[in-house]
There are 2 protein chains.
Amino acid sequence: MASLDRIDRRILMELQQDGRITNAELAQRVGLPPTSMSDRMRRLQKQGYIKGFKAVLDPEQIGLGLLVFIEVSLDKTTPDNFQKFASAVRKQPEVLECHMVAGGFDYLVKARLHDMARYRVFLSEVLLSLPGVKETRSYPVIEEVKDEGILPL
Amino acid sequence: MASLDRIDRRILMELQQDGRITNAELAQRVGLPPTSMSDRMRRLQKQGYIKGFKAVLDPEQIGLGLLVFIEVSLDKTTPDNFQKFASAVRKQPEVLECHMVAGGFDYLVKARLHDMARYRVFLSEVLLSLPGVKETRSYPVIEEVKDEGILPL
DNA sequence: ATTGAAATCACTCATGG
DNA sequence: CCATGAGTGATTTCAAT
């Protein structure tokens, strides 16, 4: 149905590193005529390999210097708390990611805040005030060792 | 020196949602002449607000259906293990993120793999074989509730 | 900071091999 | 899948207000 050849992988890799590369330049890099390049781009988007393009901002520069991970445990007695929690957390702009996990807790939340003072407010007013939240553990990030959004191909 | 006005914020928001929007279209949306738009774009990049642009791929589609978070504890007796660990982990393509955290463990690693079989190999051959790694705890993701790379402005 | 005009560049779409 | 050319639209640069 939809398998990727070597050239497709090259294209996706280049686009992950520079999402604004022009069709002509990209075609030249992978050794394809520009018109064939356009075809592949359209196909890769239509088949769902490429979900979109976005600018990558510097969190520090826009005043979001604090990165925090929070482990959240829910009260298991009422199962629809899971839905409520999920839908509430999706609306919070400070929450960049939220994943339901298997293991010692229920959700892992990744959030960016201005500083610890704002985080304290966020934790008590937002996270802890959601229904069914039993317990949270916070892990402030000391150093971001690696953070690319580049998937291996 | 470098503060953001309302229009800058609009621009950054639009670019986070569509990194391939044309200068003309973006100018129209925020109500600016195209040439002024170009100026702002250049300034926002030069000042470091915009670090770059990238394509967002679908992990499932390219065969990376398993998302795992791993808590890593290091042996604290030899401090340069931290550097060794960090530099080794930066080279692993499966590792999308790695953060040094404050709290009950030392590093939080986010990795995407094909499946559990590949993860088992990755855990034993890569993570556990790094010098100084004392203990790891793995949390496979059951459901990705939220995962945008969009920073609030 | 905006406007306008001109030159360059890139993309698309048609044809074809 | 590749090549070519015409037509369209975008970007950049320059000037001027």
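Values in this document were obtained by computation on a predicted structure and should not be read as measured data. Labels below follow one simple rule: chain letters A, B, ... track the order of the sequence lines, proteins then strands, and each chain is numbered from 1.
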- request: Taking the side chain as every heavy atom from C-beta outward, state whether Arg29(A) and Ile21(A) have any pair of such atoms under 4.5 Å apart.
  value: yes
- prompt: Without hydrogens or angle criteria, can the side chains of Asp106(B) and Ser73(B) be said to hold a donor-acceptor pair below 3.5 Å?
  reply: no
N/O donor to acceptor pairs below 3.5 angstrom from side-chain atoms of residues 81-96 of chain A, sequence neighbours left out:
| unit_1 | atom_1 | unit_2 | atom_2 | d |
| --- | --- | --- | --- | --- |
| Asn81(A) | OD1 | Thr78(A) | OG1 | 3.4 |
| Asn81(A) | ND2 | Thr78(A) | OG1 | 2.5 |
| Arg90(A) | NH1 | Val145(B) | O | 3.0 |

Without placing hydrogens or testing angles, list every side-chain donor-acceptor pair under 3.5 Å for residues 51-69 of chain A, not counting sequence neighbours.
| unit_1 | atom_1 | unit_2 | atom_2 | d |
| --- | --- | --- | --- | --- |
| Lys54(A) | NZ | Gly149(B) | O | 3.2 |
| Asp58(A) | OD1 | Glu60(A) | N | 3.1 |
| Gln61(A) | NE2 | Gln47(B) | O | 2.2 |

Polar atoms only, N or O, under 3.5 Å: list the protein pairs with nucleotides 14-16 of chain C and their distances.
none

Check: protein-nucleotides 9-11 of chain C nitrogen or oxygen pairs below 3.5 Å:
| unit_1 | atom_1 | unit_2 | atom_2 | d |
| --- | --- | --- | --- | --- |
| dC11(C) | OP1 | Asn23(A) | N | 2.4 |
| dC11(C) | OP2 | Asn23(A) | N | 3.4 |
| dC11(C) | OP2 | Ala24(A) | N | 2.9 |

- request: Hey, could you give me each pair passing salt bridge (Lys or Arg N to Asp or Glu O under 4.0 Å) that has a residue in residues 4-13 of chain B? Not counting sequence neighbours.
  value: Asp5(B)-Arg40(B), Asp8(B)-Arg40(B), Asp8(B)-Arg43(B), Arg10(B)-Glu14(B)
- request: Measure across Cys98(B) and Val109(B) and return the closest heavy-atom pair with its distance rounded to 0.1 Å.
  value: SG-CG2, 3.9 Å
- line: When rounded to whole Å, the CE to C1' distance for the pair Met37(A) and dA3(D) reads 17 Å
message: Check this one for me: any side-chain N or O of Ser36(A) less than 4.0 Å away from OP1 or OP2 of dC1(D)?
response: no
- request: In whole angstrom, give the distance that lies between atom CD1 of Ile11(B) and atom P of dA1(C).
  value: 11 Å
- request: Indicate, with a heavy-atom threshold strictly under 4.0 Å, whether Arg40(B) touches base, sugar-phosphate, or nothing.
  value: nothing
field: Ser124(A) side chain to Arg120(A) backbone, donor-acceptor under 3.5 Å
entry: yes
- prompt: Tell me: CZ of Arg42(B) to C1' of dA1(C), nearest whole Å?
  reply: 15 Å
Just distance, no hydrogens or angles: give the donor-acceptor pairs under 3.5 Å from side chains in residues 132-141 of chain A, sequence neighbours left out.
| unit_1 | atom_1 | unit_2 | atom_2 | d |
| --- | --- | --- | --- | --- |
| Glu135(A) | OE2 | Arg137(A) | NH1 | 3.2 |
| Arg137(A) | NE | Glu71(A) | OE1 | 3.0 |
| Arg137(A) | NH2 | Glu71(A) | OE1 | 3.0 |
| Ser138(A) | OG | Tyr119(A) | OH | 2.4 |

